[in-house]
Amino acid sequence: MYDLKKSFSLFLNSLTEAGERFNYAGFAARIQRIKISSLLNLPETSKNYFYWNKPADNLEFIGFDECLHFKEIEQSLNFKNSGSFFCNWDKLETEEFPLFIGSQKFNSDEVNNELWEDYSNSEWYIPKFLILNYGNTSHSYLVFNFAVKPNAFAFLEEQLDEFLKILDTAQKTPKLSNKNRIEELEFQTSEKLWTKNINKALKEIERETFKKVVLSRISGYSTEQEISSSFLIDELAERYPDCYIFGLKKNDSLFFGASPEKLLKMYNGTLEIDSLAGSAARGSTGIKDKKLGDELLNSGKNRREQKTVTRYIENILSKYTAKISSDENPKLKKLKNIQHLWTVIKADLNEENLPLILKELHPTPAVCGMPKQEAIDFILQNEDYPRGYYAGFTGWIGNKSSGEFCVSIRSALLRKNKLYLFAGCGIVEGSEPEKEYEETKLKLKPILSLFNL
């Protein structure tokens with residue numbers, strides 16, 4: 001730790017020599033490998049955090065507390081381009097450091113309510129401390145971001161020292177035993193309301209109010225014992241390595257999930273977006289699984305739904321670039337308990353267009369419907385709960401021209417002694433209430449399976 005402290009002291013000297021034009025700074029250093037989930041068991045680091053893991057991409061990080069908060073994602077990019085952030089990140093041998101992290105609700109204009117009262121409509125910020133793991137290396141990266149204030153360097157050194165002690169404690173903390181227990185289902189969106197809403201939606205589709213609307217439902221469970229958030233995170237990462245594992249902890253609430261859906265990814269001037277729609281179960285044998293997959297690929301209803309999402313995305317991107325590419329026919333994206341129709345869309349774009357694209361893109365037809373506003377109005381008028389962060393988006397923007405966001409589905413909210421689960425499906429011409437209800441059961445399984453349900 002002595003070398004790290006010495007490196008930080010040298011960094012502060014460089015910051016002083018750079019002059020007064022920098023308002024914020026970020027120090028990064030290589031440290032001994034940290035098992036990130038162990039930090040979730042400590043009182044010092046379990047209060048507020050942002051967790052991200054894409055096991056298939058070998059990228060995992062966690063950010064603690066806020067160095068600088070932004071209400072809108074545009075503000076964060078304006079800050080990034082202002083030149084007022086001093087850092088040593090380019091001197092380290094790593095691909096990327098997340099600079100901004102955060103989430104946004106499904107409806108950014110939502111009036112705050114008791115269920116989601118711990119969260120703002122939009123949370124974007126530079127974390128104070130960040131621990132990042134790339135691959136299976138023997139080291140992690142520590143990032144310490146702070147406001148540059150005169151005569152405060154001694155205090156900054158104390159803060160870093162305190163955090164290093166917390167990391168040392170985490171390494172010695174034994175893994176918590178599984179205390180994940182939930183009681184009987186306390187409430188849920190009734191099948192009666194579900195059927196009523198779908199039939200109402202089908203009538204609106206017939207009237208051509210919209211072509212598609214995504215309806216969702218909520219299930220609420222009570223808990224008597226403490227639920228280990230580190231166990232939730234570890235299990236989701238192990239069971240769903242091709243998904244985005246995320247957790248946003250704020251005060252008494254933890255919003256977490258394993259999302260299969262990329263909203264967008266940007267790297268080297270290329271934007272990549274998933275068009276994901278249509279669902280089928282996985283088969284218990286290879287033959288049964290192939291049969292279910294082939295039926296999905298040949299389903300007119302599901303192909304129309306997925307094509308709607310693909311065309312919607314391509315129409316948005318066409319406003320910003322003519323260089324768009326995608327496969328003509330969808331593939332299957334196979335997850336542990338479900339499979340979807342899937343098309344990857346790529347486009348050549350600059351980072352400066354990112355906020356505009358996010359605003360137009362989200363919520364996508366895969367979680368909302370089309371046309372967007374008509375679908376949103378129907379959802380807000382007919383669903384029996386506020387979606388909050390469910391079907392919103394979560395992600396990060398890096399120090400380079402890159403970033404990644406997932407759609408916040410296959411998710412749940414753990415709030416004190418209550419667990420709330422969410423699942424939805426697309427309603428188009430030909431949808432049947434009973435089949436759609438069964439589809440939502442498949443989508444609840446990733447979270448319910450953690451509790452042996």
Side-chain angles (χ1 to χ4, degrees), residues 33-67 69 96-104 118-120 123-135 140-145 163 166-167 170-171 173 175-176 180 227-263 388-390 392-398 403-415 419 446-447 450:
R33 181 80 176 193
I34 299 291
K35 182 171 175 54
I36 289 179
S37 61
S38 67
L39 294 166
L40 308 182
N41 300 332
L42 302 178
E44 298 91 341
T45 51
S46 61
K47 188 70 174 174
N48 297 298
Y49 61 78
F50 176 99
Y51 176 86
W52 177 274
N53 190 4
K54 184 71 182 301
D57 292 348
N58 293 314
L59 171 64
E60 179 186 27
F61 67 82
I62 190 166
F64 299 103
D65 300 323
E66 295 181 2
C67 167
H69 184 272
E96 183 72 83
F97 284 110
L99 178 57
F100 309 105
I101 56 180
S103 296
Q104 185 165 307
D118 282 329
Y119 298 101
S120 303
E123 301 269 355
W124 299 104
Y125 59 95
I126 298 176
K128 184 176 181 180
F129 287 103
L130 186 139
I131 300 294
L132 181 144
N133 288 336
Y134 275 119
S140 298
Y141 291 95
L142 162 68
V143 178
F144 177 26
N145 299 307
F163 190 72
I166 292 171
L167 294 182
Q171 294 298 85
T173 302
K175 184 176 180 180
L176 290 181
N180 294 286
I227 293 181
S228 167
S229 55
S230 63
F231 176 83
L232 298 176
I233 294 296
D234 283 343
E235 282 295 302
L236 286 174
E238 184 176 338
R239 298 183 191 193
Y240 303 97
D242 292 322
C243 290
Y244 296 92
I245 314 303
F246 60 88
L248 182 63
K249 182 71 163 58
K250 200 80 180 288
N251 302 325
D252 294 322
S253 298
L254 170 64
F255 177 64
F256 68 100
S259 173
E261 186 170 352
K262 178 196 305 167
L263 180 62
Y389 276 101
Y390 167 68
F393 63 91
T394 301
W396 57 274
I397 299 173
E404 191 161 10
F405 303 86
C406 72
V407 182
S408 308
I409 55 175
R410 309 297 148 80
S411 53
L413 174 68
L414 179 62
R415 179 170 164 76
L419 180 69
I447 305 299
L450 301 176

In chain order, what residues pass the ring pair (Phe, Tyr, Trp, His ring centres under 6.0 Å) check against Phe256, with sequence neighbours excluded?
none
For Ser103 and Thr394, which I'm curious about, is there any donor-acceptor pair between the side chains at under 3.5 Å?
yes
Using side-chain contact (heavy atoms from CB on, under 4.5 Å), reason through Leu142 and Phe129 one step at a time and then give a plain yes or no.
CA-CA 7 Å; Leu142 162 68; Phe129 287 103; 4.2 Å; yes
Less than 4.5 Å apart, side chain to side chain, heavy atoms only: is that true for Ile227 and Leu254?
no
Applying ring pair (Phe, Tyr, Trp, His ring centres under 6.0 Å), can you list everything that pairs with Tyr390, at least two apart in sequence or on another chain?
Phe422
Testing the basics here: between Ala237 and Pro55, what is the closest heavy-atom pair and its distance to 0.1 Å?
O-CG, 3.8 Å
Heavy-atom distance under 4.5 Å between the side chains of Pro127 and Phe50, does that happen here?
no
Any donor-acceptor pair under 3.5 Å linking the side chain of Ser253 with the backbone of Asp118?
no
Decide yes or no on side-chain contact (heavy atoms from CB on, under 4.5 Å) for Leu99 and Ile397, but give the supporting numbers first.
CA-CA 6 Å; Leu99 178 57; Ile397 299 173; 5.9 Å; no
Over all heavy atoms of both residues, which pair between Ala170 and Leu42 is shortest? Give the atoms and the distance, please.
CB-CD1, 3.6 Å
We want to know whether Arg410 and Ser259 form a side-chain donor-acceptor pair, criterion being a heavy-atom distance below 3.5 angstrom.
no
Euclidean distance, Leu419 CG relative to Leu232 CG, rounded to 0.5 Å
8.5 Å
Can you find a heavy atom in the side chain of Trp52 that is under 4.5 Å from one in the side chain of Leu59?
yes
Can you tell me if Asn48 uses its side chain to pair, donor with acceptor, with the backbone of Asn251 under 3.5 Å?
yes
Interatomic spacing from CG in Leu39 to CD1 in Ile233 - rounded to 0.5 Å:
12.0 Å
CG-CG distance between Asn145 and Leu130, expressed to the nearest 0.5 angstrom
7.5 Å
Does Lys35 offer a backbone N or O that forms a donor-acceptor pair with the side chain of Asn133 under 3.5 Å?
no
So salt bridge (charged side-chain N to carboxylate O under 4.0 Å, His left out) across residues 247-263, not counting sequence neighbours, yields Glu123-Lys250, Lys262-Glu272, Lys262-Asp274
Mind checking ring pair (Phe, Tyr, Trp, His ring centres under 6.0 Å) for Tyr119 and listing every partner two or more places apart, or none if nothing turns up?
Tyr389
Short question: side chain of Ser37, backbone of Asp234 - any donor-acceptor pair under 3.5 Å?
no
From Phe163 atom CZ to Phe64 atom CZ, the distance as rounded to the nearest 0.5 Å:
5.0 Å
Once ring pair (Phe, Tyr, Trp, His ring centres under 6.0 Å) is applied, do any residues pair with Tyr49, and if so which ones, sequence neighbours excluded?
none
Nearest heavy-atom pair of Ser140 and Ile131: which atoms, and what distance?
CB-CG2, 4.3 Å
Working to the nearest 0.5 angstrom, can you tell me the gap between Ile36 CD1 and Thr45 OG1?
11.5 Å
Straight-line distance of Ile245 CD1 to Glu235 CD, nearest 0.5 Å:
11.0 Å
Is there a side-chain contact between Pro260 and Ile409 in this structure, where contact means two heavy atoms from C-beta onward sitting under 4.5 Å apart?
yes
Filter on salt bridge (charged side-chain N to carboxylate O under 4.0 Å, His left out), then keep only pairs touching residues 53-63, sequence neighbours left out; what's left?
Lys54-Asp57
side-chain contact (heavy atoms from CB on, under 4.5 Å) evaluation trace for Phe246 with Phe255
CA-CA 8 Å; Phe246 60 88; Phe255 177 64; 3.5 Å; yes
Which is it for Tyr125 and Ile101 under the side-chain contact (heavy atoms from CB on, under 4.5 Å) test, yes or no, and what are the steps along the way?
CA-CA 6 Å; Tyr125 59 95; Ile101 56 180; 3.7 Å; yes
